[in-house]
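Inspection log for the structure reproduced underneath, given as structure tokens.
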Amino acid sequence: MRPFVLDPLFRNIASLQGVGPRYGKILERLTGGVRIIDLLWHKPLDGYTRQKVTDLARALDDQNIIINFHVKKHKNPKTRGLPLRVEGEVNGIPLDLVFFNAHGDYVQQSLPIDQVRYVAGRVETYKGHKQIVHPDYIVTNENEIPSFECIYPLTEGLSNKVLRKMMAQAVEVLPSLPEWLDEHLVKREQWPAWLPAFKTLHTPTSADEIALQSPVRRRLAYDELLANQIMLALVRRRQQKRQGKSFETNGTHKQNLYKHLPFSLTGAQQRVVKEIDADMASDDRMVRLLQGDVGSGKTIVAALSMMNAVDSGKQAALMAPTEILARQHAETLKPYFEKLGISFVTLTGRDKGKGREEITDAIESGKAQIIIGTHALFQEKVKFHDLGLIVIDEQHRFGVQQRLLLSAKGDAPDMLVMTATPIPRTLTLTLYGDMEVSRLDEKPPGRRPIDTRLIPQDKMHELLEGLGRSLQEGNRIYWVCPLIEESEVLDLAAAEERFRELAQRFGNKVGLLHGRMKGDEKEAVMQKFSAGELTVLVSTTVIEVGVNVPEATIMVIDHAERFGLAQLHQLRGRVGRGLKESFCFLLYGHPVSEFAKERLRLMRETEDGFVIAEKDLKLRGGGDILGTRQSGVPDFHLADLAVHDDLLPVARDDAKLILEKDTHLQSPRGQALRNLLYLFGLEESLNNMEAG
Ligand code: ADP
Ligand code: MG
């Protein structure tokens with residue numbers, strides 16, 4: 001149960017003064033939540049300093065000033081819609097205070113004629129006359145005006161002033177909590193305690209105080225990273241605690257598969273297979289992430305791991321994120337399985353009725369030794385006979401929670417998760433801190449570098465001429481577009497439009513592939529492209545993951561500036577798979593920012609997915625490196641991985657140490673840490689701890 005001391009933070013924002021249904025809705029839209037804590041996570045972007053000004057002649061337009069205002073005259077508007085003006089002087093220099101839609105006699109009362117008031121606001125010049133529109137403060141006591149105020153990201157219907165008032169109340173709700181950080185760390189870093197840090201975040205006295213690298217921000221970021229690392233460590237502990245199985249790792253099928261491989265494994269593949277074998281041979285359950293750039297040869301590593309299960313009389317499942325990929329894996333592996341006499345089935349959402357029944361029966365009876373499929377594999381109704389290993393391909397679409405659900409299936413099967421998305425080391429920790437990590441950091445031999453070129457969109461005709469020649473030489477081309485329908489608003493190259501253009505130019509060997517096509521339609525098109533019946537494949541990003549057509553040597557990416565680097569890298573990885581020289585043309589539209597161009601240049605300079613990912617993180621910040629929602633990257637409230645990444649390994653080691661010393665978080669610090677987990681909504685992992 002949540003400690004009572006935290007209750008005030010989890011109350012509805014409606015309990016704040018001035019937050020009725022209207023503002024409640026607006027705040028929810030702004031912060032994504034209705035609790036006070038959600039509001040408090042909403043952090044200021046910046047702030048401004050007010051300067052006390054005695055000589056108005058020296059005040060610059062747009063400056064935020066505090067003045068001693070002598071009220072002279074109220075001028076009511078003669079026409080509706082015009083503002084009320086209050087004329088006055090600051091040390092003899094005239095200035096107007098301007099109020100649109102002034103309410104009742106508020107202005108009369110706060111600015112009585114011939115009196116002096118302290119006024120704060122942004123000064124501007126209108127028709128040669130100094131004025132302040134809607135002053136922030138009109139007070140008799142100068143001390144009531146803060147010299148610094150922070151600025152929040154806003155949404156329609158909400159002003160900074162109103163939000164600040166609400167924040168001021170929310171901050172008052174913050175309880176004092178026992179310190180959960182290691183005192184030596186706090187001392188060494190000279191961090192404030194949690195409560196003053198959080199208060200300062202919303203009521204800073206200067207911009208420096210809440211700069212990203214300030215002690216306040218670093219402390220709060222560290223709190224969050226630590227909470228995250230403890231959660232992951234708890235999840236990981238629970239997973240490993242479950243009794244695993246000990247597999248045969250050098251059985252007949254495995255050996256036979258080696259014999260049938262047309263190539264020998266790369267050094268990296270050998271190393272990774274050893275790591276997996278060690279995990280699978282041991283009693284502990286394997287929960288391992290295999291990171292390998294596109295084309296690094298993950299599939300065969302998966303197949304070898306599956307042989308361990310088969311050789312131990314158990315089933316192995318390989319799950320892909322899309323139908324196309326599932327079918328393609330089946331295609332690739334089929335010849336091997338047939339030679340080895342292994343019975344396998346594929347199951348996707350497309351299998352219906354009697355056909356489906358036959359497949360699920362084979363899975364349940366154990367007749368199927370290997371099962372390849374999509375999410376459909378893990379639906380309620382699918383029962384496995386004896387599932388020993390799950391391999392999940394292209395894993396970045398799943399989060400930690402989903403992974404937990406999956407691993408609950410069957411009798412704690414070993415799990416190998418494969419991702420082609422190169423993830424910076426820092427992010428690996430936050431994303432996959434619950435897993436062991438293997439890296440395939442070497443490509444199979446014989447690959448030629450991909451020649452990557454940046455081409456402005458308006459030079460496309462020249463590119464098309466070159467492509468025409470290339471097609472005559474027998475090459476195959478991917479052409480990727482960002483959208484499938486013409487959109488006037490976004491001015492994106494539309495796939496259908498592009499398809500028609502290219503078909504007109506290159507004839508009937510041009511095909512179209514997009515997300516709205518049915519599974520079998522997509523597959524038919526892919527098949528034709530793979531067989532060479534189609535030589536140009538215009539597509540939306542459907543082909544992003546995993547598709548393997550070694551004869552395709554040219555990748556054109558339309559409006560490349562609109563893609564994330566990680567995505568561009570994935571797309572480029574579709575070519576350069578055969579022995580022929582491959583090209584990637586990045587078309588960019590106008591106008592393109594220097595920043596966007598810088599990113600595209602990076603694509604030209606390197607093919608190393610890890611380098612690209614690290615740079616992308618630095619260039620863009622951690623927020624959206626993979627498209628957060630899709631990737632399952634935790635959405636941090638206070639930590640910014642692009643700047644606080646140095647804190648992550650510290651937090652990881654910290655979490656590990658804490659849980660070694662205080663397994664059930666019972667010590668005073670352990671109890672304090674429980675509060676921390678509740679604050680960030682990670683208490684689920686505590687339940688795991690108790691249950692496990
Ligand atoms: P990915 O890691 O992107 O899934 P794949 O497993 O699809 O990569 O492998 C890409 C290509 O490389 C396949 O055609 C595969 O047969 C080939 N391949 C894999 N390992 C080797 C190797 N050791 N030597 C030569 N070719 C290999
Ligand atoms: Mg693959």
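First listed ligand is number 1; within each ligand, the first listed atom is number 1. Reckoned from all heavy atoms, side chains included, excluding hydrogens, waters and symmetry mates.
- Judged purely by atom type and a 3.5 angstrom limit, Glu364 has no side-chain atom pairing as donor or acceptor with the backbone of Asp361.
- Close approach of ligand 1 to Leu265 is summarised as follows: ligand atoms under 4.0 Å from at least one heavy atom of the residue are 23 (N).
- In this structure, Asp414 contributes its side chain and Leu389 its backbone to no donor-acceptor pair below 3.5 Å.
- Contacts with ligand 1 closer than 4.0 Å are made by backbone heavy atoms (N, CA, C, O) of Ser264 only, the side chain lying farther away.
- Distances shorter than 4.0 angstrom do not occur between any heavy atom of Gly292 and any atom of ligand 1.
- For ligand 1 and Thr266, the ligand atoms under 4.0 Å from any heavy atom of the residue are 23 (N).
- Remark: ligand 1 atoms within the under-4.0 Å shell around heavy atoms of Asp293 are 2 (O).
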Starting from the C-alpha separation in whole Å, work towards a yes-or-no answer on salt bridge (Lys or Arg N to Asp or Glu O under 4.0 Å) for Asp520 and Lys522.
-> CA-CA 5 Å; Asp520 45 357; Lys522 279 188 214 165; over 6 Å; no
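- Results of the side chain to side chain donor-acceptor pair (under 3.5 Å) test with His569 over Asp608, Asp293, Thr606 single out Asp293 as the only residue that passes.
- Judged by distance alone, with hydrogens and angles left aside, the side-chain atoms of Gln315 form no donor-acceptor pair with the main-chain N or O of Phe384 at under 3.5 Å.
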Which side-chain N or O atoms in residues 268-278 pair as donor and acceptor under 3.5 Å with protein atoms at least two apart or in another chain?
residue : atom : partner : partner atom : Å
Gln269  : OE1  : Thr266  : N            : 2.8
Gln269  : OE1  : Thr266  : OG1          : 3.3
Gln269  : NE2  : Gly297  : O            : 3.0
Gln270  : NE2  : Leu265  : O            : 3.2
Arg271  : NH2  : Arg439  : O            : 2.4
Glu275  : OE1  : Ser438  : OG           : 2.4
Asp277  : OD1  : Lys254  : NZ           : 3.2
Asp277  : OD1  : Asn308  : ND2          : 2.9
Asp277  : OD2  : Lys254  : NZ           : 3.0

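- Taking distance alone, with nitrogen or oxygen atoms compared against 3.5 Å, Phe263 stays at or beyond that limit from ligand 1.
- For ligand 1, the atoms closer than 4.0 angstrom to any heavy atom of Thr299 are 4 (O), 5 (P), 6 (O), 7 (O).
- Of the polar atoms of Gly295, at least one N or O is found under 3.5 Å from an N or O of ligand 1, judged by distance alone.
- Residues Tyr258 and Leu304 are in side-chain contact: their nearest non-hydrogen atoms beyond the backbone lie under 4.5 Å apart.
- If you number the atoms of ligand 1 from 1 as listed, the ones under 4.0 Å from a heavy atom of Arg577 come out as 3 (O), 7 (O).
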